[in-house]
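Data block below; observations after.
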2 protein chains.
Amino acid sequence: MMTPATAVDALAALAQETRLKVFRLLVTAGPTGLAAGDVGAQLGIPANTLSFHLKALAQAGMVTSRQEGRFVIYAANYAVMDDLIAFLTDNCCQGAACLPQTQQVATITKRRTRSLA
Amino acid sequence: MMTPATAVDALAALAQETRLKVFRLLVTAGPTGLAAGDVGAQLGIPANTLSFHLKALAQAGMVTSRQEGRFVIYAANYAVMDDLIAFLTDNCCQGAACLPQTQQVATITKRRTRSLA
DNA sequence: TTGATATTTCCAGAAACATGGAATCATTAT
DNA sequence: ATAATGATTCCATGTTTCTGGAAATATCAA
């Protein structure tokens, strides 16, 4: 379960243009991940600046990293992303209906308590 | 649809301990909302500091406000919350399965394309 | 109008954050 | 060992954010 403090850290990690771009790129890249240099090349970010932001994302748990030869491969941490969404969703609507749009949507938590056929 | 810039604003609004507390309180308070003073009393936040954070939440669209006599009533904006979650979920897993946990969970977008029985 | 209550704005100081040049560290190839 | 490449750290600078005291604004009551 995600604590409020952890949620603030995760939200803060994503609440920055460069980091959100990086994270989304890693999300699209899939579990295999991307080398830091590839991320920088695709987004046009200087290596030191990118390193700074990757570190922030990693410290918040939003990405993982592994050394692979000369490269450091970063990958989105889908589990933490999922936990963050669950945290936000848990506290939305509280079982009651807030809005039609939201009403027809079960929260992740609620869905987790069900089995999907 | 939420743009990346809007998402950054929404995330930044929530990525602060006091504001996340305030927002969650408003979420639990429901669509009726709460007067600024009630929020401050329940969370022990000075009026001017609270006003600063409520303004930030409102500018990011996370809460709405309406004047009611001497009071200003704030309420969570569930629609924007929902959009933010949709934005984050849309870019997670991209139809592919990232993790068992996430795999068994349909994203909001995916659910929106279905009708719920 | 005068007074009380609710909220916001103004302001200044402190702290945290973002950026990129230069130097450093790590790994591989020759 | 030397060189080359990929990535990180160090550092200085500029910017933004957070905080709360004091003053201002808004609404209602007497």
Side-chain angles (χ1 to χ4, degrees), chain A residues 4-26 29 32-77, chain B residues 4-26 29 32-77:
Chain A
T6 308
V8 167
D9 290 345
L11 289 164
L14 299 177
Q16 208 276 337
E17 193 187 348
T18 300
R19 284 195 298 268
L20 189 58
K21 273 188 203 163
V22 169
F23 182 73
R24 294 184 72 193
L25 178 60
L26 291 176
T32 310
L34 279 178
D38 289 344
V39 174
Q42 292 198 39
L43 300 179
I45 305 167
N48 51 358
T49 299
L50 177 61
S51 198
F52 171 82
H53 288 300
L54 282 170
K55 189 179 178 182
L57 284 167
Q59 276 174 343
M62 299 309 301
V63 304
T64 58
S65 68
R66 64 180 197 279
Q67 184 107 23
E68 203 154 287
R70 262 183 275 206
F71 304 87
V72 177
I73 311 294
Y74 285 89
N77 191 338
Chain B
T6 308
V8 167
D9 290 345
L11 289 164
L14 298 177
Q16 208 277 338
E17 192 186 349
T18 301
R19 284 196 297 268
L20 189 57
K21 274 188 203 163
V22 169
F23 182 73
R24 293 183 73 192
L25 178 60
L26 290 176
T32 309
L34 279 177
D38 289 346
V39 174
Q42 291 198 40
L43 300 180
I45 305 167
N48 51 357
T49 299
L50 177 61
S51 197
F52 170 83
H53 288 300
L54 283 170
K55 189 178 178 182
L57 284 167
Q59 277 173 343
M62 299 310 301
V63 303
T64 59
S65 68
R66 63 181 198 278
Q67 184 106 22
E68 203 154 286
R70 263 185 274 206
F71 305 87
V72 176
I73 310 294
Y74 285 88
N77 190 340

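Note that the structure is a prediction, hence the values are computed from the model and not measured. All chains are named by letter (A, B, ...) in the order of the sequence lines, taking the proteins before the strands, and each is independently numbered beginning at 1.
Regarding A:Ile45, its CD1 atom lies at a distance of 13 Å from the P atom of C:dA18, rounded to whole Å. One atom, CG of A:Asp38, and another, C1' of D:dT5, lie 13 Å apart when rounded to the nearest Å. Taking atom CD on B:Gln59 and atom P on D:dC18, their separation rounds to 12 Å, with Å as the unit. When rounded to the nearest whole Å, the span between CG of A:Leu54 and P of D:dA7 equals 10 Å. Taking atom CD of B:Glu68 as the reference point, atom P of D:dC28 lies 10 Å away to the nearest angstrom. In this structure, A:Lys55 places its NZ atom 16 Å from P of C:dT19, rounding to the nearest Å. Rounded to whole angstrom, the span from the CG atom of B:Leu57 across to the P atom of D:dT17 amounts to 14 Å. In this entry the distance linking CZ of B:Phe52 with C1' of C:dA12 reads 14 Å, nearest Å.
Using a distance-only test at 3.5 Å, with no hydrogens or angles considered, a donor-acceptor pair links the side chain of A:Gln67 to the main chain of A:Gly69.
Of the candidates C:dT8, D:dC18, C:dT19, C:dT19 carries the atom nearest the A:Thr49 side chain, counting heavy atoms from C-beta on. Distances from the side chain of A:Val72 to the nucleotides D:dT5, D:dG20, D:dT8 place D:dT8 closest. Distance from the side chain of A:Gln16 is smallest to C:dT19 among C:dT19, C:dT9, C:dG20. Which of C:dT8, C:dT19, D:dT27 sits closest to the side chain of B:Gln67 comes down to D:dT27. The nucleotide whose nearest atom lies closest to any side-chain atom of B:Arg70 is, among D:dC18, C:dA29, C:dA4, C:dA4. With D:dA22, D:dT19, C:dG20 as the candidates, the nucleotide lying closest to the side chain of B:Asn48 is D:dA22.
The shortest side-chain heavy-atom distance between B:Ile45 and B:Lys21 does not fall under the 4.5 Å cut-off. You'll find the side chain of B:Leu43 stays beyond 4.5 Å of the side chain of B:Leu50, heavy atoms only.
Looking at heavy-atom distances under 4.0 Å, B:Ala47 makes contact with a base. B:Ala56 comes within contact range of no nucleotide atom at all, as no heavy-atom separation falls under 4.0 Å.
Under 4.0 angstrom from either OP1 or OP2 of C:dC17 there lies no side-chain N or O belonging to A:His53. A close approach under 4.0 Å does not occur between any side-chain nitrogen or oxygen of A:Tyr74 and OP1 or OP2 of D:dG6.
In terms of the side chain to side chain contact (heavy atoms under 4.5 Å, CB included) criterion, residue partners of B:Ala60 (sequence neighbours excluded) are, by chain and number, B:Ala13, B:Met62.
For A:Thr18 and A:Gly69, each mapped to the nucleotide of DNA chain C holding its nearest heavy atom, the one lying further toward the 5' end belongs to A:Thr18.
Residues A:Val63 and A:Phe23 share a closest heavy-atom pair of CG1-CD1, 4.0 Å.
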